Participant: 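Take this structure first; my questions come after.
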Amino acid sequence: VQLQASGGGLVQPGGSLRLSCAASGFSLADYAIGWFRQAPGKEREGVSCIRSSTGSTYYANSVKGRFTISRDNVRNTVYLQLNSLKPEDTAVYYCAAISRLQFGVATWGLARLYNYWGQGTLVTVSS
């Protein structure tokens, strides 16, 4: 089982990026995929999650309306579109997978519940 996150970079405030999370060794249909981020000196926080079996999506309040999560089950890839980026969005972004049997609507943002993690991709928002 492997997750490969990519797409990070340096962008100016107000700009956009699209992050990708390519999954291998398992089917997205059996897992929910979450995006988390961790800024220096801060705890890892849940940003968004998608249940591949239903298509249901979840967002942290801080990114609602600016970020969009989507999936491509054929490519076994989940995307996170980041729009209207702010300096406070600067962080290492990680994707992670949790079994659909363990997934809970109220707990999607708890990093400790996720089974598999990608290596992270750095997003820097700065002028």
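Here the structure is a predicted model, which means the values were calculated and not measured.
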Participant: Taking a hydrophobic cluster as the set of Ile, Leu, Val, Met, Phe, Trp and Tyr residues connected by side-chain heavy atoms closer than 4.5 Å, whether directly or through intermediates, do L80 and V11 fall within one such cluster?
Facilitator: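 Yes: a chain of side-chain contacts under 4.5 Å links L80 to V11.
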Participant: Just verifying a value: how many Å separate Q2 CD and Y116 OH, rounded to the nearest 0.5 Å?
Facilitator: 12.5 Å
Participant: In chain order, what residues pass the side-chain hydrogen bond (donor to acceptor under 3.5 Å, both in side chains) check against S56, with sequence neighbours excluded?
Facilitator: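 So S56 forms a side-chain hydrogen bond (donor to acceptor under 3.5 Å, both in side chains) with T54.
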Participant: D89: what forms a side-chain contact (heavy atoms from CB on, under 4.5 Å) with it, not counting sequence neighbours?
Facilitator: R37, R66, F67, L85, K86, Y93, V125
Participant: Between W108 and I98, is there a side-chain heavy-atom distance shorter than 4.5 Å?
Facilitator: no
Participant: Could you list all the disulfide bond (SG atoms under 2.5 Å apart) pairs where at least one residue sits in residues 86-127, not counting sequence neighbours?
Facilitator: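 Qualifying pairs, neighbours excluded: C21-C95.
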Participant: Within the 4.5 Å heavy-atom criterion, are S126 and L10 side-chain neighbours or not?
Facilitator: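 Result yes, sub-4.5 Å side-chain heavy-atom pair found.
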Participant: For the residue pair Y94 and W117, does the interplanar ring angle fall in the parallel (under 30°), tilted (30 to 60°) or perpendicular (over 60°) class?
Facilitator: perpendicular
Participant: Please name all residues satisfying salt bridge (Lys or Arg N to Asp or Glu O under 4.0 Å) with R75, sequence neighbours left out, ordered by chain then number.
Facilitator: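 Per chain and number, R75 pairs via salt bridge (Lys or Arg N to Asp or Glu O under 4.0 Å) with D72.
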Participant: Could you tell me the separation between the CG atom of L28 and the OG1 atom of T77, rounded to the nearest 0.5 Å?
Facilitator: 7.0 Å
Participant: Could you report the tightest heavy-atom contact between R44 and A111, atom names first, then the distance?
Facilitator: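 Scanning both residues completely, I find the closest heavy atoms to be CD-CB, 4.4 Å.
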Participant: Quick one: closest heavy-atom pair of A32 and F103, and the distance?
Facilitator: CB-CD1, 3.6 Å
Participant: Considering only heavy atoms from C-beta outward, does the side chain of T68 approach that of Y79 to under 4.5 Å?
Facilitator: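 A side-chain contact is absent here, since even the closest heavy-atom pair is not under 4.5 Å.
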Participant: Minimum heavy-atom separation for V92 and G120, please, with both atom names.
Facilitator: CG1-CA, 3.9 Å
Participant: More than 12 heavy atoms of other residues, nucleotides or ligands under 6.0 Å from CD of E43: is that the case?
Facilitator: no
Participant: To the nearest 0.5 Å, how far apart are CG in L19 and CG in L82?
Facilitator: 5.0 Å
Participant: Please tell me whether L17 and V78 are part of a single hydrophobic cluster in this structure, the criterion being side-chain heavy atoms less than 4.5 Å apart.
Facilitator: yes
Participant: In chain order, what residues pass the side-chain contact (heavy atoms from CB on, under 4.5 Å) check against S6, with sequence neighbours excluded?
Facilitator: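 S6 satisfies side-chain contact (heavy atoms from CB on, under 4.5 Å) with S20 only.
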Participant: Answer whether the closest heavy-atom distance between the side chains of N115 and S99 falls below 4.5 Å.
Facilitator: yes
Participant: For the atom pair CD1 (I33) and CZ (R51), what is the distance rounded to the nearest 0.5 Å?
Facilitator: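 Output value for this atom pair is 13.0 Å.
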Participant: Same cluster for V105 and Y59 if Ile/Leu/Val/Met/Phe/Trp/Tyr side chains link at under 4.5 Å?
Facilitator: no
Participant: V1, L113: one ILVMFWY side-chain cluster at the under-4.5 Å cut-off?
Facilitator: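 Hydrophobic grouping puts V1 apart from L113.
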Participant: So, for T121 and G7, which heavy atoms are closest and what is the spacing to 0.1 Å?
Facilitator: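 The answer is OG1-N, 3.9 Å.
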Participant: Looking at every non-hydrogen atom in both residues, tell me the closest pair between S127 and P13 and how far apart they are.
Facilitator: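 In this case the closest contact between S127 and P13 is N-CD, 3.7 Å.
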Participant: Going hydrophobic residue to hydrophobic residue with side-chain gaps under 4.5 angstrom, can you get from Y31 over to I50?
Facilitator: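 Looking at the clustering, I50 is in the same group as Y31.
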Participant: Quick one: closest heavy-atom pair of N83 and S16, and the distance?
Facilitator: OD1-OG, 2.9 Å
Participant: Is the side chain of Q4 donor-acceptor paired with the backbone N or O of G118 at a distance under 3.5 Å, no angle test?
Facilitator: no
Participant: With sequence neighbours excluded, what pairs up with K42 under the side-chain hydrogen bond (donor to acceptor under 3.5 Å, both in side chains) test?
Facilitator: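 None.
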Participant: Please step through side chain to side chain contact (heavy atoms under 4.5 Å, CB included) for the pair I69 and Y58, ending with a clear verdict.
Facilitator: CA-CA 8 Å; I69 192 170; Y58 309 88; over 6 Å; no
